[in-house]
Amino acid sequence: MTTPTVSMTIIRGGLLLDARAHRADPVDLLVTGDTIAEVGGPGLAAPPGARVIDARGMLLHPGLVNGHTHAHGNLAKGMGDLWTLELLLTAGPWISGGRTMEDRYLSAKLGAVEMVLKGCTAAYDLPLELPMPTREGVEAVGRGYADVGMRAVVAPMVADRTLYEAIPGLPDVLTPALRQDVDALRLAPWKTTAASLGAVFHGWTLDRDQVRLAVAPTIPHHCSNELLHACADLAKEHGVGLHTHVAESKVQAMVGLQHYGKTPTAHLDDLGLLGPHFTVAHGVWLDDDDMKRLGDRGASVSHNPGSNLRLGNGLADMRSMLDHRVNVGVGTDGANCSDNLNMYEAMRLASLVSKGRGPDVERWVRTDEVVVAATEGSARALGFGGRLGRLAPGYKADIVFLDLHHPNWIPLNDPTNQLVHTEDGGAVTHVMIGGRLVVEHRRVTTVDVAALAREVEAARRRLTAVTAPARVLYERLAPLVGRFCPGLAHVPYHVSRYVGGA
Ligand SMILES: [Zn+2]
C-alpha cells in the first residue's frame, strides 16, 4: 500500500558535488518526505504527482553544518573590534546582558535566517543565559531555529566561576570598587545550575530530529569538577553531546596548566568526559598528546578559524588533528566574535589558515578535506552522523542549490576548489531542509524577514539603554584585563614547565 500523505519531490538536472573526487555530474534526486530516497542518472523514474524541481544550471551540495555558534551573539554583531577572548568575556554583561525571552528567540531566529541564506542547514549552538539556563530560555532559542525550519543542537552554556575567579591574579589588578562590581557577577552554585539544566531536558517539546539538546560546560577552568561531572552525567543520562571551549586562547592554555598541572584536555580525559559525544570548540592550543587523546576517544573538534583570527588566538592545526584521527568539523563561532555566520567563509579560512601555518605543502589541508569537515565532520559532532552531511539515499534531504550562472562559477573548473575558495554565499539560490524549501529564489520562505528586522531593531534600542551601566563597567575593566591577560600569554607555553610541578 502506498501512503499518499508522504510528499515526493524529484529534483532534476542538477550537478551533484562529489567533493572527494572534485567532480560534479548531472543527477536526479528523489526525495520522499524528509529523506533522500534515490539518486540516479537523468530521467530517474518518479511517482506520478511528485513535485518537480528543475535544477538545471545548478550545483547541488549537502547543507553545510556549522560546528560552533552562539545564538545570543547575533544581536551583538559588529559591537567590537580590538577584542581578545578575555576582553570579549569581559564585555559579556554589556553585549549579551538584559535579554528577555523574546530577545533570545529573535537572536536565534536572526542567526538561523542568516545561516540558511548562506547555505547552512544545521548548527551546534551554545546559548548563554545568566545566571543559569532556564527551560523557557533554551526553548526560546530552539523555537527560533524551528520557526525558520533549520536544524540545531542547542547546548546551554553553564559555569560556576566567573572570568575573575577563573584567572589567577586577575582580581589583584582591579581596584576595590571594581572588585566589588565583578563580585556581583558571581554565578550560581553548581548544584543549582545542574538542577536548572536538568529541568531543561524534562518536557522538551520540539522535534528532536530538528532541534535537540546537548550540554556545554563553557570552559573547563570556569567550571568546578563537580559541575563538569554533573554535565557529563546529564549528557549520559539523555544520550546527548558535550561541547566545551578547550585550548581556545593561549591564556586558557596557560591557566589550565596552572590549575590542573596538566593540559585541560588531559584533565577532561582523567575526569572521563572525552568520548565520541564530546566536542572541543577551537583547540588552537592542543598539543600532540591532547590530539591523540581526542582521536583515541573518537571525539570531535569544531575548527573555527574566523573567530581564532578575529580574537588573536592563533592558527589551529587541522592537519595534525586529522593525523591523530580527530573528527574535525568547521564552525563560524558567534556573531559577537566573528560578526557573520558564513560557512563558506569559514571553509575558505580553514583552508587558508592551514596554508598560513608554513610553507610545507604536505602539511596543508586540501579543499576536499575542508568540505568533508564542514559537512560530514560537523554532522558527526552534532550527533547526526550518517544522516546529515551527504546527498545519498537514507540521508536527510538537506540540499543547497547554487546558481552556476553566478560569477563565482564562471567558469566551472573544479567544483570542490571553487566551493571552498571562491563561493561566498552569493550563488545560493534554494535551500532545502528535510525536503522543505526554506530558501527559494534567494528568499526565506518560512518567516517574514522584514518583520524580524523591525523586531530586532526595537530590541537593539531597548538593550542599548538597559545595558548602558554594563557598558560603563566594561570600559573601566577593559584596560586592566587587556593589559593583564596578554601578559599571561607572553610566557612561553611548555607543558613540561607545569606537569609534575609544585
Ligand atoms: Zn564559542
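If you read the sequence from its start, that first residue is 1, and numbering goes on from there.
- Inter-residue side-chain proximity for Val328 and Leu322 is flagged as met; some heavy-atom pair is nearer than 4.5 Å.
- In this structure a side-chain-to-backbone donor-acceptor pair under 3.5 Å is present from His490 to Pro486.
- A distance of 9.5 Å separates CG of Asp317 from CG of Leu286, quoted to the nearest 0.5 Å.
- Residue pairs meeting the side chain to side chain donor-acceptor pair (under 3.5 Å) criterion with at least one partner in residues 228-243, sequence neighbours excluded, are His68-His243.
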- Message: Set out, in order, the CA-CA distance, both residues' side-chain angles and the distance that settles side chain to side chain contact (heavy atoms under 4.5 Å, CB included) for Leu197 and Val215, then state yes or no.
- Response: CA-CA 8 Å; Leu197 196 53; Val215 182; 3.7 Å; yes
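- Between Gln210 atom CD and Asp207 atom CG the span is 6.0 Å, to the nearest 0.5 Å.
- At least one donor-acceptor pair closer than 3.5 Å links the side chain of Arg357 to the backbone N or O of Leu315.
- Residue His221 holds its NE2 atom at 11.5 Å from CG of Leu228, rounded to the nearest 0.5 Å.
- Residues forming a salt bridge (charged side-chain N to carboxylate O under 4.0 Å, His left out) with Arg99 (at least two apart in sequence, or on another chain): none.
- Sorted by first and then second residue, the pairs that involve residues 326-351 and meet salt bridge (charged side-chain N to carboxylate O under 4.0 Å, His left out), not counting sequence neighbours, are Arg310-Asp339.
- Side-chain contact between Arg460 and Leu75: absent, with no pair of heavy atoms (C-beta onward) separated by less than 4.5 Å.
- Distance check, rounded to the nearest 0.5 Å: CG of Asp34 to CZ of Arg387 gives 10.0 Å.
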- Message: Run Thr446 and Met150 through side chain to side chain contact (heavy atoms under 4.5 Å, CB included) and show every step you take.
- Response: CA-CA 10 Å; Thr446 45; Met150 191 178 156; over 6 Å; no
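- Residues Asn408 and Asp424 meet the side-chain proximity criterion, which asks for heavy atoms closer than 4.5 Å.
- A donor-acceptor contact under 3.5 angstrom links the side chains of Trp409 and Glu423, judged on distance only.
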Could you go through residues 109-120 and list every donor-acceptor pair under 3.5 Å that involves a side-chain atom there, pairing it with any protein atom two or more places apart or in another chain?
{"residue": "Lys109", "atom": "NZ", "partner": "Tyr105", "partner atom": "OH", "Å": "3.2"}
{"residue": "Glu114", "atom": "OE2", "partner": "Lys118", "partner atom": "NZ", "Å": "2.7"}
{"residue": "Glu114", "atom": "OE2", "partner": "Leu341", "partner atom": "N", "Å": "2.7"}

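- At least one side-chain heavy atom of Leu419 sits less than 4.5 Å from a side-chain heavy atom of Leu17.
- For the side-chain contact (heavy atoms from CB on, under 4.5 Å) with Val138, the qualifying choice from Leu206, Val154, Val211 is Val154, the only one to do so.
- Looking only at side-chain heavy atoms (C-beta outward), Arg293 and Leu268 stay at 4.5 Å or farther from each other.
- At least one donor-acceptor pair closer than 3.5 Å links the side chain of Ser196 to the backbone N or O of Pro133.
- Residues Asn66 and Thr332 have side chains that bring a donor and an acceptor to within less than 3.5 angstrom of each other.
- The main-chain N or O of Val246 is never found under 3.5 Å from a side-chain atom of Thr244 such that the two would form a donor-acceptor pair.
- A donor-acceptor pair under 3.5 Å is formed between the side chain of Thr84 and the backbone N or O of Leu87.
- Atom-to-atom distance recorded for Asn327:CG and Leu294:CG is 11.0 Å, nearest 0.5 angstrom.
- Residues Thr69 and Asp125 bring no donor and acceptor atom of their side chains to less than 3.5 Å of each other.
- Using modelled atom types, one side-chain atom of Thr429 and one backbone atom of Ala427 make a donor-acceptor pair closer than 3.5 Å.
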Exercise answer: donor-acceptor pairs, residues 167-185 side-chain atoms, under 3.5 Å, sequence neighbours excluded:
{"residue": "Thr175", "atom": "OG1", "partner": "Leu178", "partner atom": "N", "Å": "3.1"}
{"residue": "Arg179", "atom": "NH1", "partner": "Pro171", "partner atom": "O", "Å": "3.1"}
{"residue": "Arg179", "atom": "NH1", "partner": "Leu174", "partner atom": "O", "Å": "3.0"}
{"residue": "Asp181", "atom": "OD2", "partner": "Arg476", "partner atom": "NH1", "Å": "3.3"}
{"residue": "Asp183", "atom": "OD1", "partner": "Arg186", "partner atom": "NH2", "Å": "3.4"}

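- For the atom pair CG of Asn308 and CG of Asn313, the computed distance is 5.5 Å after rounding to the nearest 0.5 Å.
- Asp147 places no side-chain N or O within 3.5 Å of a backbone atom of Gly144 that could act as its donor or acceptor partner.
- The pair Glu457-Arg454 does not meet the salt-bridge criterion, since no charged nitrogen lies less than 4.0 angstrom from a carboxylate oxygen.
- Identified under the ring-ring contact (aromatic ring centres under 6.0 Å, His included) test for residues 328-354, with sequence neighbours left out: His61-Tyr344.
- The shortest side-chain heavy-atom distance between Val491 and Met254 falls under the 4.5 Å cut-off.
- Between Arg380 and Glu376, none of the side-chain N atoms (NZ, or NE/NH1/NH2) sits under 4.0 Å from a carboxylate O, so this pair counts as no salt bridge.
- Side-chain atoms of Ser378 come within 3.5 Å of backbone N or O of Val65 as a donor-acceptor pair.
- In this structure, Asp103 contributes its side chain and Thr100 its backbone to a donor-acceptor pair below 3.5 Å.
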- Task: May I have the step-by-step check of side chain to side chain donor-acceptor pair (under 3.5 Å) for Ser224 and Asp160, ending in yes or no?
- Result: CA-CA 7 Å; Ser224 62; Asp160 55 353; 2.6 Å; yes
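- Within the cation-pi definition used here (under 6.0 Å to the ring centroid, within 45° of the axis), Arg135 does not qualify as a partner of Phe201.
- Judged by distance alone, with hydrogens and angles left aside, the side-chain atoms of Lys250 form a donor-acceptor pair with the main-chain N or O of Ala489 at under 3.5 Å.
- With sequence neighbours left out, the side chain to side chain contact (heavy atoms under 4.5 Å, CB included) criterion links Pro62 to Thr375, Leu391.
- In this structure, the side chains of Gln252 and Leu85 come closer than 4.5 Å at one or more pairs of heavy atoms.
- Minimum heavy-atom separation, Leu242 to Ala235: CG-CB, 3.8 Å.
- For His72, the ring-ring contact (aromatic ring centres under 6.0 Å, His included) partners at least two apart in sequence or on another chain are His70.
- Applying the salt bridge (charged side-chain N to carboxylate O under 4.0 Å, His left out) test to Glu136 and every residue at least two apart in sequence or in another chain returns nothing.
- Legend: residues meeting side-chain hydrogen bond (donor to acceptor under 3.5 Å, both in side chains) with Thr464, ordered by chain and number and at least two apart, are absent.
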- Can Glu248 and Trp285 be said to form a side chain to side chain contact (heavy atoms under 4.5 Å, CB included), step by step? CA-CA 6 Å; Glu248 177 178 0; Trp285 292 89; over 6 Å; no
- Chi angles and distances behind the side chain to side chain contact (heavy atoms under 4.5 Å, CB included) call for Trp190, Asn225: CA-CA 9 Å; Trp190 73 267; Asn225 286 348; over 6 Å; no
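- Legend: residues meeting side chain to side chain contact (heavy atoms under 4.5 Å, CB included) with Lys355, ordered by chain and number and at least two apart, are Ser351, Trp364, His421.
- Residues Met79 and Asn336 are not in side-chain contact: their nearest non-hydrogen atoms beyond the backbone lie 4.5 Å or more apart.
- For Ala188, the side chain to side chain contact (heavy atoms under 4.5 Å, CB included) criterion is met by Met132, Thr192, Thr193, not counting sequence neighbours.
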